[in-house]
Each structure stands twice: as C-alpha cells, then as structure tokens.
Amino acid sequence: MPCCVHFPYSGGRARRTRWRVWNMQQMRDSWRAVIERELTRYATETFGTAQAAESAFPLAVQKPPKSELGDLAFPLFVFAKAFRMAPQKLAQVLKDRLSLCDDVPKGELLTAGPYLNVRVDMAELANRVNEQVARMGSSYGNTDLMASKRVMVEFSCPNTNKPLHLGHMRNDAIGESISAILKANGAEVLKVNLINNRGVHICKSMLAYQKFGNGETPESSGMKGDHLVGKYYVKFAQWEKEDPSIVQLAQEMLKKWEAGDPEVLRLWELMNGWTLAGVSETYRNTGISFDRYYYESDTYTLGKDKVLAGVESGVFYREEDDSVWIDLADINLDKKVLLRKDGTSLYLTQDIGTAIARHEDWPFDSLIYVVASEQTYHFKVLFHVLDKLGYAWAKDLHHLAYGMVNLPEGKMKSREGTVVDADDLFAQLTELAMQEIKEKGREEAVGDVRNTSEAIALGALNYFLLQANPMKDMVFNPAESISFNGNTGPYLQYMGARISSMVRKFEVMAEDFSDIPFDSTQLSLPEERELVKMIATFPEVVTESGRDLNPSAVTSYLYELSRLFSRYYHDHPVLKAPSAPLVKARFSLVCMVLQVFRNAYALVGIPFLESM
RNA sequence: GCGCCAAUAGCUCAGUUGGAUAGAGCAACAGCCUUCUAAGCUGUGGGUCAGAGGUUCGAAUCCUCUUUGGCGUACCA
C-alpha cells in the first residue's frame, strides 16, 4: 500500500454519505434514491423479484465527461445481465418511467448511451451554495469526517547539526498542509516537532568545532547559527577523510554526553542553541509552526528504560556483548538492535521513548509521522516494537511517507555540495518574484514589495511541492515553480488578486445594488453552471484529501477552478454586465469563488494576496 | 540476494469507486490588449499509459510475470 493511511474512523465507501450531506451530494443521493426505486419496481414487475436490481446497489454515480451530457451520470452496465437488456435500452426505459413520476427531484433526465444522466436544477443548487458560502465564510468546505478525533502530526524534525534543505521543505509543506486538512475535516490536531539534538552526528560537528572553531560564534562570523554549525559538520567530514579513526572520537563523545560530562554538555547546549535559533528563523520565514516541541535529549532515556524493561519481560534479548535486540521473525524481518553494546541509545530507542511520552502527554486517536519514505522500514519496526511492548495504541500510528526531492540536474548529494539550502532557495525565489514585480511596474499597486515577494515565493514553493502525490519522488525546478504562467502557485495567487481587485471596484458602486436580490436564475451560462458545481463540490475535495492524506487533491482542484474562472471572466463581463440583476448574480458568484480560493489556499500554504 | 515503492506526451505532473474520446502545464507554432490587472485568454501539433499475459460487458486503474529506475535491508539518523 503506498501512502494510504488507514484511519479506523475513516470508514468505507458505503458509510460515506452518513457523515454529512452536502449540496452536490444531496442532489446525488436524492436522484440515486428515485432511480434505485424505479429499478426495483421495474425488476419486481418483470421478474417478480427485486433481486436483479438490488444486487448492484448502491447505484454508482459519476460525473459525465462533458457538461453537455449533464451533471450526474448513472452507468447501467451492471444491470444488463440481470435484466437481460442492453444498458442503452434500460436507460431509456428508466427515463420514460421516471418522467411519469411526480416525485422526482427538479432537473432533467437524459439518456446517453448506457448511462442515465441528470441535469440538476442549477438555480436551486446555486441558491443553496450561495447561502452556504455566505453563512460559513472561512469555514466553507469544512466537514465532520474526523470530528472529535485527536490527531497528532509529527513533521520537520531537524537535526541540530545543519540547516534545513529542500527535502525538509517538502516535509514541512506536507506536514502543515495535512494538519490544516485534518482540521478542516473536524479533527483536533496537534502539530509536533521532534528536535534530533543528540547522537553521533551531533557530536561530529561539536568535535570539529572544538578543533577548528577558535571560538567562532554567529555574531563574530555574521552567519546564521544553523549555517555556522553546519559548516563544522562539513569540516568533520573532510577531517574524517584524512583520518578515519576520528569516528571513534565521536562515539566516545556521545558516551560522555550520555554520562553528563559538563564540558561536553556546555558545548552541546551552545551549538544546539545556535542551530535552533537559525532553524526557527527559517520556520518564521516560511510559515511553519508547531504546537509542541519534543527533544530527543529528553526522551531517549525513557526509550532506554522501556527497552530494558522489555528485556526483563522477555520481549527483547541481550547478546553476549551486552547489546539488546529484537527478533522480528514474526513479521518476516530480520533482527534489530535496540541498545548498543556500550549501552547508548539508537534512533529506534529514542523513537520508542518519544512515542510513549507523547501518548502520555496527549492521548491521541492517531499519530501521523511525516517522514521520508526511505524510513519505511524504521517505522515498520518501531510500530511493531511498541505493539510488542503492549501499547494498544501502536495500531494508531501511521507513517506518511513521501518521496525524495530531486533537481533537474539530478539528485541532491551532500558530498557533492548539490544540496539546496532552504534559506538560499527562499531568498532566491523571493528575489525572482521581486524582479517580476518591478518589471511589470507593479510596485505601487502591491504596496510592500518585500512582503509580497515573499508571499509569492512561499506560494510558489508550497504549490510546487504539494502538487505532486506525496508518495512519489519529484523533481523540483525552482525557475518553473516561480513562473507566473502555467500551473503554479503565483498563477493561483494572481487569480485571487484579480478577484480582490474586482471586489474593490464593486464596493464603490455597492449601494446601487443593495436593493437587488441575488437571483440564481440569472446564471445561465455553461461556465456559470460549471463554477457553481465546482464550488458545491469543494467539501468533497476536503474530504478526499483528508481521507487520503493527499494535499494534491486540493492543488488540482484549485488549478481547475482557477482555469475555469479565468476563462469565464475573460469572456464575460461581471461588473459591466448588461443588467443590474445580472451584475449582482455574477458578482455573487465571483465572491463564492473568492471564498473558496481563500479557504483552499489555506489548506496548501498559499498566502492570499489582495493585489499583485 | 531479499523487501518496499515507482514507470502516463520531448520535460514536469494530474487522472475519483474499474466506466464515455487518457488530461493539464512547460517547451514549439498561430491568434487576442480603445474591454473588470496580458502575471491573462484562445487555438494547433504531440500518447504502444514500460512490456507480456490474465480477470471483466468494460483496465492507465485490479491480479501474475518480465524490464527499468529509486529506496531500504547499519551497534547512522
């Protein structure tokens, strides 16, 4: 199974309609109900039993490929055998029978080959959607799919030996987006970060600093703290090349650290402080935040204790050299070390402790780890170990794996220095956005050029990173991401800005329209039908992205809505529409689109801009 | 070797529960600014959905095998 996370409460398809009924869904359900009833009656009349029909219930509802074919499609293939009738014929029969009934919903039935299609009553749908968007505002689209569920989302999890890079940015984008999407589906979400501040790799930068640092500080060097520490981590690698034996020193230092050596601890605190200050700044710039921080230095001992307890209870075993192991034969895996022979902790050990601490702190219904797919094995083992230790909530742990981020030139390799630094990238994108604003002569219109450029950079970055399915590896092309035309974040932001501009223009003349009611029958263009339908299905997009933990469902939707809208307002005047009722109706539609844009942007980390 | 994952247009990506003629963007070419921001809109060309079988009324989608690529299989994280 790829990235799919199975929520115990996400239910199956059959249950989906029970959670809540939305506009489009309501339409679908009511039409399905009458068509199913008619199939049942027809089967009973013909065969004396309804079985032929009911075995294929619930009747599938689809979206016709073209709007000329209607708004809902009911494929009838499945009934062909049971009715001994071509589905084309059955569609005709059903249409004829239903046209004689006086209790079908408003709308129009069409046959389209083997499909029975429905053109729904658009005026009614538009009224409902308009009312609902106006009433719910920024919460339009929210669902109760995960109401009252507590979900902890772990993401980012930087090491304190180097600054963030592009890979972290994908992680952060997914983490923030998933959290927002889960919230929109009614969950109570706690975003947590785990600072990986201990271990051999941390000792490496410390050792290099001790040897080469000469007391350098972020202040004295003018470097951001995380970059300064990173510099020494790289230095260690070079040093190690000359003298491979120094790895031993790092191992010894880790042991000293675990023993509480004051000298080591002092340096550790100093350098960790530098890194975390730098990382926090990056978070601030890129709109990342957490409700709670965990530090591995705080939780690893708990993990160690639990592992030792596991040895007592016989879940784990001790080798002759004193190392502690678990045999994973029962899940068809090999053996795994839980404690080194010198007694120090490993990655797995600390994650055991952290998970237990978290469940005690904030009992969750689900904990989602947003971590690269290269660690799939690690999480498999972790969840199994926790299960073996007797924690019933081990089944509620999920690994949301995401693929690697590559560059057009190829893979990022730290050894070859091709890793894209997060701060550098953000600055580069901001710079490009700024140039574009200047070239277009929009400085005055946007007001704060710096802020706007950063917002555009962020929109570009998040959209690009989230538009691909998390599970897949992706190629990040900075130049393409910031491009203002095409399928990009800035293009979407531009649409939002254009609409905002229209709203400002309308406000000047708003009084002239204050007495004119919204008349949905004015919206008769095919494009308007499509827009109303899309707005009506937004809650379903929120559901889908929450169910699959897939932000790209939202980005796809946003882009489609955006294209539809730009085509529409390019071809049809809104504020200068021929009649006042039409202006009012079209402007109301525009406002609905704007609201959905705002709400959907928030789910995928695209800052909304009033003007660009 | 074994395990997990992927493969859709030249490139980057979508593709709903198996359903109608597989869609976008970029790149290329051709149009559209006295008209709510041209950061836009429209059109043209571009496909053996990696390959071969199978299931099905129907497969990019499900199953099997093959090929290619990525990742993992550490007393690293």
Side-chain angles (χ1 to χ4, degrees), chain A residues 1-3 13 16 60-66 69 73 75 77-78 80-81 86-87 112-115 117 157 159 161 196 199-202 247 251 296 319 321 323-325 332-334 336-342 344 346-348 350-351 372-378 380 401 403-404 406 408 411 433 436-437 439-440 442 445 456 464 467-469 471-477 479-481 483-488 490-491 493-495 497-499 501-506 540-541 544 548 552-553 555-556 559-560 563 566-567 569-577 587 590 611-612:
Chain A
M1 189 63 53
C3 72
R13 231 186 314 141
R16 204 179 296 167
V61 195
Q62 291 165 356
K63 191 185 161 199
K66 282 189 171 182
L69 294 169
F77 305 95
V78 278
K81 224 173 234 174
Y115 293 85
N117 287 6
C157 306
N159 292 333
N161 60 347
N196 191 243
V200 189
H201 57 298
I202 306 298
V247 180
Q251 205 58 251
E296 290 196 330
E319 278 290 348
D321 66 0
S323 56
V324 173
W325 296 72
N332 284 321
L333 296 175
D334 212 352
K336 190 85 190 171
V337 186
L338 296 171
L339 285 176
R340 292 193 184 93
K341 63 184 169 203
D342 64 4
T344 55
L346 288 127
Y347 186 47
L348 191 57
Q350 1 188 93
D351 259 352
S373 59
E374 55 195 359
Q375 296 192 33
T376 302
Y377 184 84
H378 168 76
K380 217 173 189 174
M404 311 197 40
N406 299 316
K411 296 182 60 172
E436 191 75 19
I437 288 171
E439 262 171 44
K440 292 281 187 299
R442 301 285 303 166
I456 291 170
F464 202 98
Q467 128 237 59
N469 191 314
M471 162 187 63
K472 292 187 180 178
D473 289 357
M474 68 177 296
V475 175
F476 182 82
N477 186 333
E480 203 177 299
S481 78
S483 165
F484 291 78
N485 28 354
N487 187 356
T488 67
Y491 168 80
Q493 288 173 309
Y494 176 65
M495 283 306 133
R498 287 291 296 268
I499 298 179
S501 166
M502 284 171 64
V503 170
R504 285 192 294 273
K505 289 209 158 90
F506 181 84
E540 291 164 44
V541 174
E544 187 196 329
D548 302 339
S552 77
T555 56
S556 299
Y559 184 63
E560 203 184 323
R563 271 192 338 129
S566 30
R567 211 174 305 148
Y569 90 126
H570 180 269
D571 295 343
H572 308 285
V574 175
L575 303 179
K576 290 172 189 161
F587 182 71
V590 165
S611 80
M612 274 175 84

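Chain letters run A, B, ... following the sequence lines, proteins first, then strands; residues in each count from 1.
Between A:Tyr377 and B:C76 there is no side-chain polar atom (N or O) within less than 4.0 angstrom of OP1 or OP2. Close to B:A74, at under 4.0 Å from its OP1 or OP2, lies no side-chain N or O of A:Arg340. For A:Lys576, no side-chain nitrogen or oxygen approaches OP1 or OP2 of B:U35 to under 4.0 Å. Under 4.0 angstrom from either OP1 or OP2 of B:A39 there lies at least one side-chain N or O belonging to A:Lys440. Here A:Arg567 reaches the OP1 or OP2 of B:U42: one of its side-chain N or O atoms lies under 4.0 Å away. Between A:Lys472 and B:A7, a side-chain N or O to OP1/OP2 separation shorter than 4.0 Å is present. When the side-chain nitrogen and oxygen atoms of A:Ser501 are compared with OP1 and OP2 of B:C36, none of them lie within a distance under 4.0 Å. At the phosphate of B:A14, neither OP1 nor OP2 sits under 4.0 Å from any side-chain N or O atom of A:Asn487. In this model, the phosphate group of B:C41 is approached by a side-chain N or O of A:Ser566 to a distance below 4.0 Å at OP1 or OP2. Side-chain N/O atoms of A:Arg563 include none lying less than 4.0 angstrom from OP1 or OP2 on B:G23.
Look at NE2 on A:His378: it is 11 Å from P on B:U73, rounded to the nearest Å. Distance A:Tyr559 OH to B:G15 P: 15 Å, rounded to the nearest Å. For the pair A:Met471 CE and B:A7 P, the computed distance is 7 Å after rounding to whole Å. If you measure from atom CG of A:Asp473 to atom P of B:A6, you get 11 Å, rounded to the nearest angstrom. The distance from atom CD of A:Glu439 to atom C1' of B:U37 is 16 Å, rounded to the nearest whole Å. When rounded to the nearest whole Å, the span between CE of A:Met474 and C1' of B:G25 equals 14 Å. Atom pair A:Lys66:NZ and B:A22:P shows a separation of 11 Å (rounding to whole Å applied). Rounding to whole angstrom units, CG of residue A:Leu348 and P of B:G72 are separated by 17 Å.
Remark on RNA chain B: of its neighbouring residues A:Asn117 and A:Met495, the 5'-side contact belongs to A:Asn117, judged by nearest-heavy-atom nucleotide. The 5' end of RNA chain B is approached more closely, in terms of each residue's nearest nucleotide, by A:Ser552 than by the other of A:Pro114 and A:Ser552.
Because its glycosidic torsion is within 90° of 0, B:C33 is reported here as syn.
If you check B:C62 for Watson-Crick or wobble pairing at under 3.5 angstrom, you find it paired to B:G54. Applying the Watson-Crick and G-U wobble criteria (two distances, each under 3.5 Å), B:G46 pairs with nothing in any strand. Using N1 to N3 plus N6-O4 or O6-N4 for Watson-Crick, or N1-O2 and O6-N3 for G-U wobble, each under 3.5 Å, B:A74 pairs with nothing. Remark: B:G25 base-pairs with B:C11; criterion is Watson-Crick or G-U wobble with both hydrogen-bond distances under 3.5 Å. Within the shown strands, B:C5 is the pairing partner of B:G69 under the Watson-Crick or G-U definition, both distances less than 3.5 Å. Pairing partner, B:U16: none, since no Watson-Crick or wobble contact has both distances short of 3.5 Å.
Heavy-atom minimum distance, A:Ala577 versus A:Pro573: CB-O, 3.6 Å. The shortest non-hydrogen separation linking A:Ala60 to A:Pro75 is O-CD, 3.4 Å. Closest approach of A:Phe484 to A:Pro490, counting heavy atoms only: CD2-CB, 3.7 Å.
A distance cut-off of 5.5 Å between ring centres, combined with a plane angle under 30°, leaves A:Tyr115 outside any stacking arrangement with the base of B:G19.
B:G3 and B:U42 have their P atoms separated by 49 Å, given to the nearest Å. Atom name P, nucleotides B:C49 and B:C29: the rounded distance is 29 Å, in whole Å. Taking atom C1' on both nucleotides, B:C5 is separated from B:U44 by 38 Å, rounded to a whole Å. For B:C4 and B:G25, the C1' atoms lie 31 Å apart once the distance is rounded to whole Å.
Here the side chain of A:Lys81 is nearest to one of B:C57, B:A14, B:C76, namely B:C57.
As judged by a 4.0 angstrom heavy-atom cut-off over every strand, A:Val475 is placed among residues touching the sugar-phosphate backbone only. Contacts of A:Val61 with the nucleic acid, taken as non-hydrogen atoms under 4.0 Å apart, include base atoms.
A:Ser552 places no side-chain N or O within 3.5 Å of a backbone atom of A:Thr555 that could act as its donor or acceptor partner. Between the A:Ser611 side chain and the A:Ala497 main chain, no donor and acceptor come within less than 3.5 Å of each other.
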